[in-house]
K.L.:
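Have a look at this one before I ask anything.
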Amino acid sequence: MPPEARVTRFAPSPTGPLHLGHAYAALVAFERAARGRFLLRIEDIDQSRCRREYEAQIYEDLHWLGLVWPKPVMRQSDRMAEYHAALARLAQDGLIYPCRCTRADIRASLSAPQEGVPLGPDGVTYPGTCRAHSMSEASPQDAIRLNMGAALARVGSLAFVEHGPEHPGRHVIDRDWLRDVAGDVVLARRDMGTSYHLSVVVDDAAQAITEVTRGADLFDATPVHVLLQELLQLPQPSYYHHELIRDNDGKRLAKRDDARALALYRAQGLTPDDIRLTLGLVPGA
Ligand code: GLU
């Protein structure tokens, strides 16, 4: 795809102040879209953790970094009807089911000890306890899961193109990994009506994103997203998973790591170019 046709996005969740890791993600997305379009999306489906003050701070920090984006900004909390429609479509195809299990139920029903067992994008593999339940029995307190076996039976071979530095190339998705490790992923969390996987796929398509840029920690979520794109007949973007920014001890920066909040660097008099240099990026790019 010619760079001028590229559409990328930065999709932060307003659950805390932006730190250096976010600045890196935003700058990578912005630079990958240099001659195309850079979009912003606020991922605020978890209303118990998201705050409007943090959202306002995100706009301020990104403007300070020199980024610009078209308005209005997409906010996931405004898009519940779209997520609902996607779920309805999967329900019609018999691919989802309601699940009442708590985390403790899931732990208790896993017979084998879990040490050393590969983890999927959502952690331990769901054992399928509620798989026989039908959507007609669903209540808002239930989570909604994808029946991974049924979903895989509906699609052919799956692949995606990665442009990131760590694993560039075409990746054929391992169907056994999806079935046995990712398993019946949650598409709507209890009392939430959606989940990260569902919203991101629906919204990347709605925003006509051509290249999803995000941290390497989400690489394992990509096969699930590609499968959902296929099931919902949505266009498939390519991917660019960037390296994660770590602190001096090699620990990944977390959102609650306020010591590295961008606003604090700014208050200390650092410039956006100082931030770029700290992150190993070209100043003023
Ligand atoms: N909202 C996610 C985060 O803040 C990013 C999701 C994505 O880029 O796919 O980590």
Side-chain angles (χ1 to χ4, degrees), residues 6-33 37-52 54-55 57-59 61-62 65 67 69 73-79 82-83 86 120-123 160-164 166 182 185-187 189 192 194-229 232 234-246 252-258 260-262:
R6 197 180 287 157
V7 185
T8 70
R9 49 51 164 199
F10 175 54
S13 298
T15 55
L18 293 190
H19 57 61
L20 280 182
H22 293 107
Y24 187 69
L27 288 164
V28 166
F30 192 70
E31 286 175 13
R32 294 286 301 168
R37 267 160 72 78
F38 164 79
L39 303 180
L40 183 61
R41 179 168 75 229
I42 299 295
E43 301 215 322
D44 59 349
I45 55 172
D46 188 347
Q47 290 286 307
S48 66
R49 294 175 60 229
C50 294
R51 302 267 176 279
R52 283 309 274 253
Y54 289 133
E55 187 180 324
Q57 178 88 52
I58 287 173
Y59 300 138
D61 285 345
L62 295 179
L65 276 176
L67 307 195
W69 56 88
V73 167
M74 180 179 279
R75 299 171 73 239
Q76 290 191 324
S77 53
D78 295 333
R79 295 184 43 78
E82 280 76 9
Y83 309 141
D122 297 343
F160 67 94
V161 174
E162 167 71 23
H163 296 296
E166 282 174 36
V185 288
V186 170
L187 295 187
R189 285 163 60 187
M192 207 181 277
T194 187
S195 69
Y196 163 65
H197 298 305
L198 184 72
S199 303
V200 105
V201 162
V202 168
D203 292 346
D204 283 334
Q207 290 190 299
I209 302 300
T210 66
E211 184 176 286
V212 170
T213 65
R214 60 185 177 201
D217 54 328
L218 290 169
F219 192 80
D220 276 356
T222 303
V224 173
H225 298 179
V226 171
L227 171 64
L228 289 174
Q229 285 152 7
L232 294 167
L234 299 173
Q236 196 196 104
S238 60
Y239 289 84
Y240 185 105
H241 290 92
H242 60 73
E243 61 187 302
L244 299 176
I245 299 298
R246 299 182 186 274
R252 203 187 138 201
L253 293 185
K255 280 187 192 143
R256 47 192 173 279
D257 191 356
D258 290 359
R260 288 184 173 73
L262 274 184

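First listed ligand is number 1; within each ligand, the first listed atom is number 1.
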K.L.:
Looking at ligand 1, does any of its N/O atoms fall within less than 3.5 Å of an N/O of Thr213?
P.N.:
no

K.L.:
Would you please determine whether His22 falls within less than 4.0 Å of ligand 1 on a heavy-atom basis?
P.N.:
no

K.L.:
Relative to the heavy atoms of Glu43, which atoms of ligand 1 are at a distance of less than 4.0 Å?
P.N.:
1 (N), 2 (C), 5 (C), 6 (C)

K.L.:
So His19 and His22, would you call those rings parallel, tilted or perpendicular, with 30° and 60° as cut-offs?
P.N.:
tilted

K.L.:
Are the side chains of Phe160 and Gln236 in touch, meaning some heavy atoms are under 4.5 Å apart?
P.N.:
yes

K.L.:
For Ser13, take its heavy atoms, then give the atoms of ligand 1 lying under 4.0 Å from any of them.
P.N.:
1 (N), 4 (O)

K.L.:
Step by step, would you call Ile209 with Thr8 a side-chain contact (heavy atoms from CB on, under 4.5 Å)?
P.N.:
CA-CA 6 Å; Ile209 302 300; Thr8 70; 5.6 Å; no

K.L.:
Run the numbers for me: atoms of ligand 1, each under 4.0 Å from some heavy atom of Arg9, listed by number.
P.N.:
7 (C), 8 (O), 9 (O)

K.L.:
Do Tyr196 and Leu218 have side chains that approach each other closer than 4.5 Å (heavy atoms only, starting at C-beta)?
P.N.:
yes

K.L.:
Is any NZ, NE, NH1 or NH2 atom of the basic residue among Arg41 and Asp204 found under 4.0 Å from an Asp or Glu carboxylate oxygen of the other?
P.N.:
yes

K.L.:
Apply side-chain contact (heavy atoms from CB on, under 4.5 Å) to the pair Leu62 and Leu40, showing each step before the final yes or no.
P.N.:
CA-CA 10 Å; Leu62 295 179; Leu40 183 61; 3.7 Å; yes

K.L.:
Which atoms of ligand 1 have any heavy atom of Val200 under 4.0 Å away?
P.N.:
9 (O)

K.L.:
Heavy atom of Tyr196 under 4.0 Å from ligand 1?
P.N.:
yes

K.L.:
Who's closest to atom 3 (C) of ligand 1 heavy-atom-wise, of Ala221, Ala29, Ala11?
P.N.:
Ala11

